[in-house]
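Only a predicted model underlies this, so the values are computations on that prediction, with no experimental measurement involved.
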Amino acid sequence: MNRLQTIRELRRHRKLAEKRALNFEQNRTAKYVVWFLGGFMIVYLMFFAVMLSLIANESTSTTALELMMGVAPFILLLDFLFRFAAQQTPSQIVKPYVLLPIPKSVCIDAFIGTSLFNGGNFIWFAMLVPYAVMSVLFVEGFWATLGFLFCFYLLILANSQWYSIVRTLINNSLFYWLVPVAVYALVALPILLKGFSAKGFENFFDFYAGIGTAIGEGSALPYLGALVLLAVLVAINRRLQMANVMRELSRTEQTHLRSVSQFAYFDRFGEVGQYLKLEIKSILRNKNPRKAFIMATALVFMLSIIIALTDVYDSQLMTNFWGIYNFVIFGSMQLTRVMCNEGNYIDCLMVRRENILKLLHAKYIFCTAILLLPFVLMLPTVFSGKWTILMLLSYAVFTAGFQYFLLFQMAVYNKQTVPLNTKFIGKGGMENNYYQMVVQLAAFFVPVMLLSVLQLLCSETVAYVVILLIGLGFIATKNLWMRNIYNRMMRRKYILLEGFHSSR
């Protein structure tokens, strides 16, 4: 086969792999929910198109093209952030092909091509096309409208490659978060030059609105610039993915002598104490669990500082959402993948009765103890009078009770092993597990909706007491629902074992 035929065949393999995956049925069910939510997102985008169109049609100083290109940096930033929920980096799914007589560069090219021609890159057209029809077509003409959509599409494709580069770098080291920070600071330079004022934002808007002016005048520079940017990012991404795959394939295990803490304090808790040691040492010694823990900690610190020192999230809805979200961050990162790390040695856990039950208890204790960090970090909101101690305590207890109950259910359904150290040549990414996405959405939004309804029906104090009691109820019955989870896992143990084995 020539290069193009090989790329087409690899693309067909990826589609078949999704259909033949062991978790295809649960993913298909959860996909329907994701598509339903995606439908709402498309409706919102169309609503924003109408709002922007009304602004453009009423403006006498700004054309419709200038308005959309002026806000394009914000759209592309949102697109970049949304990709963290769904898009894989190309090197993450190379493992099935590394032993075949296929050039690894062809594998990388195939998956970069897949990311470029993915249907998700068209979702912003739910806003762009209605906007173009309502505000651009009858003013600028057909070819200017087509050119505007084409230029924006090129920018979205470039954004997909930019995301892939950043995601790969972050997988190598969390310090690479400084790269997107620096780039977006450069993008915001027109604001920084004039200061964070109305004049600064006006300067920012005028700078990027010039692209819309050039499109309206029929200049080829916007298209040429977008094409060059896309080509450069594709080249960088291709080289980066290849380098990461080759480095990981040639990686050799090295043993370093070091002093090892025995965590003797946990010996008094018997087998649960031993599994607590395992949780702590897994984070300390393994690359991927350690990175997830560090990212969760950094996010908690950042949100706690924003909540305590600013009034950005002082509205009732924002307070409920970000307060609960700050507590559930650790759980969402650790428990949606519960048992996935243990899939690397699941056979050892199956040799003795109720080993896994004790492991689940240890995980619950560990995740509950971590809640002390956001609790302490958000105490300044109590000292300043923004929040009450009852409010903070109710958030923490509700997370330890109801939300952990919800997240621990994933132990019954997770059956895909997550590598402890390797990152770039795994068989598949966890981003494909839509079941996990649905559970995360439920953990984030169900408590907010419940609390909002309670605050409408009664006072805030009563609402906080109610969710506090709900949380305490789930904590008090922890042994019952944990036993239920364990029993369901044992009824599915051969299915789980097959999944963990095949995804190593």
Side-chain angles (χ1 to χ4, degrees), residues 81 84-85 166-182 258 260-261 263 265-266 275-310 312-313 318-319 321-342 362-383 387 392-393 395-401 403-404 406-408 410 418-421 423 430-431 436-437 439-440 443-444 447:
L81 295 174
F84 279 89
V166 172
R167 183 67 177 267
T168 303
L169 292 173
I170 292 170
N171 285 339
N172 284 326
S173 173
L174 294 177
F175 287 107
Y176 281 112
W177 272 110
L178 296 176
V179 173
V181 170
R258 64 181 71 178
V260 180
S261 174
F263 298 105
Y265 172 80
F266 295 108
Y275 285 120
L276 279 169
K277 288 185 187 181
L278 180 64
E279 285 294 304
I280 296 171
K281 289 186 178 181
S282 179
I283 292 173
L284 294 176
R285 294 179 179 180
N286 297 301
K287 183 179 179 181
N288 293 333
R290 182 168 63 248
K291 280 188 177 179
F293 185 82
I294 292 173
M295 287 184 66
T297 303
L299 190 56
V300 167
F301 268 102
M302 182 183 70
L303 283 177
S304 298
I305 291 171
I306 293 174
I307 291 170
L309 302 182
T310 71
V312 175
Y313 302 132
M318 288 293 98
T319 295
F321 179 79
W322 291 108
I324 290 175
Y325 180 79
N326 206 24
F327 277 104
V328 83
I329 285 173
F330 282 108
S332 67
M333 289 192 175
Q334 301 288 330
L335 298 180
T336 52
R337 301 184 180 193
V338 63
M339 300 306 299
C340 290
N341 289 336
E342 287 74 16
K363 284 182 176 292
Y364 183 84
I365 293 170
F366 178 76
C367 291
T368 303
I370 292 176
L371 292 178
L372 287 173
L373 178 61
F375 185 86
V376 171
L377 289 175
M378 287 195 285
L379 280 176
T381 60
V382 177
F383 301 148
W387 291 4
L392 203 60
L393 189 63
Y395 286 162
V397 172
F398 188 78
T399 299
Q403 288 175 282
Y404 279 5
L406 189 63
L407 292 170
F408 262 98
M410 289 305 304
V418 172
L420 295 174
N421 290 294
K423 190 71 177 178
M430 295 308 296
E431 294 88 347
Q436 293 176 341
M437 292 173 59
V439 170
Q440 282 185 317
F444 292 151

Problem set entry | I307 and W387, any side-chain heavy atoms less than 4.5 Å apart | yes
For this session: Mind checking the CG-SG spacing from L407 to C367? Nearest 0.5 Å is all I need.
Result: 9.0 Å
For this session: Any chance you could lay out the salt bridge (Lys or Arg N to Asp or Glu O under 4.0 Å) test for R337 and E342, step after step, and finish with the verdict?
Result: CA-CA 10 Å; R337 301 184 180 193; E342 287 74 16; over 6 Å; no
For this session: For residues F330 and T297, determine if any side-chain heavy atom of one lies less than 4.5 Å from a side-chain heavy atom of the other.
Result: yes
Problem set entry | Considering all heavy atoms, the nearest V300-N326 contact | CA-OD1, 3.4 Å
For this session: Could I get the full list of ring-ring contact (aromatic ring centres under 6.0 Å, His included) partners for F321, not counting sequence neighbours?
Result: Y325, F445
Problem set entry | N341-S282 side chain donor-acceptor pair, cut-off 3.5 Å | no
Side-chain polar contacts of residues 374-383 - donor-acceptor pairs under 3.5 angstrom, sequence neighbours left out - could you list them?
from, atom 1, to, atom 2, distance (Å)
T381, OG1, M378, O, 2.4

For this session: Decide yes or no on side-chain contact (heavy atoms from CB on, under 4.5 Å) for K363 and V338, but give the supporting numbers first.
Result: CA-CA 9 Å; K363 284 182 176 292; V338 63; 3.7 Å; yes
For this session: Report the C-alpha separation of I294 and I283 in whole Å, then their side-chain angles, then the decisive distance to 0.1 Å, and conclude whether the side-chain contact (heavy atoms from CB on, under 4.5 Å) test is met.
Result: CA-CA 9 Å; I294 292 173; I283 292 173; over 6 Å; no
Exercise. Can you name the nearest heavy-atom pair linking G331 to Y404, along with the distance?
Worked result: CA-CE1, 4.0 Å
Exercise. Are the side chain of Y364 and the backbone N or O of A400 linked by a donor-acceptor pair below 3.5 Å?
Worked result: yes
For this session: Identify the heavy atoms of R290 and R285 that sit nearest to each other, and give their distance.
Result: NH1-C, 3.6 Å
Exercise. Could you state the interatomic distance from CG (N286) to NZ (K281), rounded to the nearest 0.5 Å?
Worked result: 12.0 Å
Problem set entry | Closest contact, heavy atoms only, A396 versus L371 | O-CD1, 3.7 Å
For this session: Decide yes or no on side-chain contact (heavy atoms from CB on, under 4.5 Å) for M295 and W177, but give the supporting numbers first.
Result: CA-CA 11 Å; M295 287 184 66; W177 272 110; 4.2 Å; yes
For this session: Could you tell me which residues satisfy ring-ring contact (aromatic ring centres under 6.0 Å, His included) with F327, sequence neighbours excluded, listed by chain and number?
Result: none
Problem set entry | Beyond-backbone contact of F175 with L169, side-chain heavy atoms, under 4.5 angstrom | no
Exercise. F366 versus I280: any side-chain heavy-atom pair under 4.5 Å?
Worked result: yes
Problem set entry | Closest contact, heavy atoms only, M333 versus A292 | SD-O, 3.6 Å
Exercise. Are W322 and L303 side-chain neighbours, meaning at least one heavy-atom pair lies under 4.5 Å?
Worked result: yes
For this session: Rounded to the nearest 0.5 Å, what's the gap from CG on N288 to SG on C340? Could you check?
Result: 12.0 Å
Problem set entry | From CA spacing to verdict: side-chain contact (heavy atoms from CB on, under 4.5 Å), I324, Q403 | CA-CA 10 Å; I324 290 175; Q403 288 175 282; 3.5 Å; yes
